[in-house]
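Working notes, structure below.
Here the structure is a predicted model, which means the values were calculated and not measured. Whatever order the structure lists ligands and atoms in, that order sets their numbers, starting from 1. Sequential numbering from 1 along the given sequence is applied to the chain's residues.
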Amino acid sequence: MYINGQWLEEGPTFEVYNPATGVSIGSVIDVSNEQVLDAVAAAEAAFPAWSKTTAYERSAILTRCHTLMMERQRTLAELMTTEQGKPLKAAMNEVKYAADFLLWFAEEAKRIYGETIPSARSDQRFLVHKQAVGVVAAITPWNYPISMLTRKLGPALAAGCTAVLKPAEATPLCAVAVFEILHEAGLPAGVANLVTVSDPKPVGEIFCTHRAIRKLTFTGSTAVGKSLAQAAAPQLKRVSMELGGHAPFIVFDDADPVHAAKGVSLVKFLNTGQACISPNRIFVQRKILDSFLDTLQGRIEKLHAGDGMEPSTTIGPLINHAAIEKIDRQVQDAVAQGASLHSGGRRLTEDGLEEGCFYSPTLLSNVSSDMLIYREETFGPVAAVIAFDDDDDVVAMANDTDYGLAAYVYTQNLSRALRTFEALNFGIIGINDINPTSAAAPFGGMKESGLGREGAREGLEEYLETKLGGLSI
Ligand code: ADP
């Protein structure tokens, strides 16, 4: 852990495991509550000076962080593959995506503009000024163990906030590697602090109730996000929540079914389905269903599960055994209720995979609304296909969820694309596009998928207060 510019290496530890092999790859300090309080105190003490630095100084440090991260792209990617499981190529892409946030917010720091507003009184002037929110507490997940940190730290530091970050207990080593970069880039002591813990609950309580913390930013499950937002509410702390999703993927009959199926196979199995924007319900218009399913099945059967460090691996392990059980429960429930299983549907334990957390890439069709998979986020390598006939029906079905993060639409008809884009209640919509994300674009959900946006100008606003000055002259 890293508190007030110091690496602390003494104390109890917990182990970190490679999900592909079950082998321990290292250990990190298991922080005590007192040490979490020290980290908050360090961030509080560093805030006055850091928030007064110029945007140009903050930008220079973030730019150095970007350079260091790109110089270490391969080393960081190898660490990520070993700790989290995704294939090395995907880990390389994630490190680049993570570095993008540092550079984007380094640039955007210089554009934190205020405003003047005309008054109805000739002797009055209004000035609108932006200032840093204060000390930020950040909690990050294991599925994107580097980019989810920079997506929070980039804008927080650019805005002039100081921070205490708690990474997921499955992926603390990636967080340590990010903080080594912040340290080497010359970030002043106390500005960003890292607390690694095996039990997140007590830290969550401190983050939600400590008076010095003005803002909580969280990425993780909807259940935990809701309970943290409730705990932070008595002090009306600012909260940003990036929570679960249940993305519909709609393929209309004028789309090329082969192209659409290839798109699904790429985005659905990315990160072994462990992404909040992963398609969870794939709606295909009946006329093109058979050719869509044939192509998708062919692509799925070519996927090669294994250790992400092996060049032949195209799909890595799940994060732990609990994830396998949850996915298998959804698949078995669907099959018991009449879904057709085209491929997969079981844990993989042969060919050296027995010690890892592997589940075979799975294709289900005939999925219906009373099945668990239709309602619950899957977070695994299962493509669930539902046939539809009518445009209005499919929009109603797609919107019939408490989640509202991502959705995808495939059609060659511009009117249909726009009508559907406008009618869907989701924060991120890919239209003939499976990767509608970028450091420059606002990412976030409607309904129970979250509050606030990350990335883009909106992502910086989350760390800024608006202050009005009214002057008589
Ligand atoms: P997942 O089920 O995908 O692991 P979680 O929401 O449990 O998602 O985890 C996301 C992050 O939230 C992790 O950093 C985890 O340690 C943290 N977390 C989980 N439970 C709590 C809690 N009660 N208080 C604070 N943080 C928590």
Which of the atoms of ligand 1 are close to I139, meaning less than 4.0 Å from one of its heavy atoms? 11 (C), 12 (O), 14 (O), 17 (C), 25 (C), 26 (N)
Numbered atoms and elements of ligand 1 in range of E169, under 4.0 angstrom, heavy atoms: 15 (C), 16 (O)
Please report whether ligand 1 has a polar contact with S221, defined as an N or O pair separated by less than 3.5 Å (distance criterion only). yes
Can you find an N or O of K166 that's nearer than 3.5 Å to an N or O of ligand 1? yes
Would S32 and Q35 count as having a side-chain donor-acceptor pair, cut-off 3.5 Å? yes
Going by distance alone, is a donor N or O of one side chain under 3.5 Å from an acceptor N or O of the other, for T219 and K152? yes
E448 and T222: side chain to side chain donor-acceptor pair (under 3.5 Å), yes or no, with the steps? CA-CA 7 Å; E448 295 188 19; T222 295; over 6 Å; no
Is R453 salt-bridged to E461, cutoff N-O under 4.0 Å? no
Regarding E78 and R74, does a basic nitrogen lie under 4.0 Å from an acidic carboxylate oxygen? yes
Which residue and non-hydrogen atom of the protein lie closest to atom 12 (O) of ligand 1, and at what distance in Å? F218 CE1, 3.2 Å
Any protein heavy atom at under 4.0 Å, with atom 9 (O) of ligand 1 as the reference point? no
Using a 4.0 Å heavy-atom cut-off, which part of T140 comes near ligand 1: side chain, backbone, both, or neither? backbone
Heavy-atom pairs closer than 4.0 Å: do any link ligand 1 to the side chain of W142, the backbone, both, or neither? side chain
Are any of the heavy atoms in T219 under 4.0 Å away from ligand 1? yes
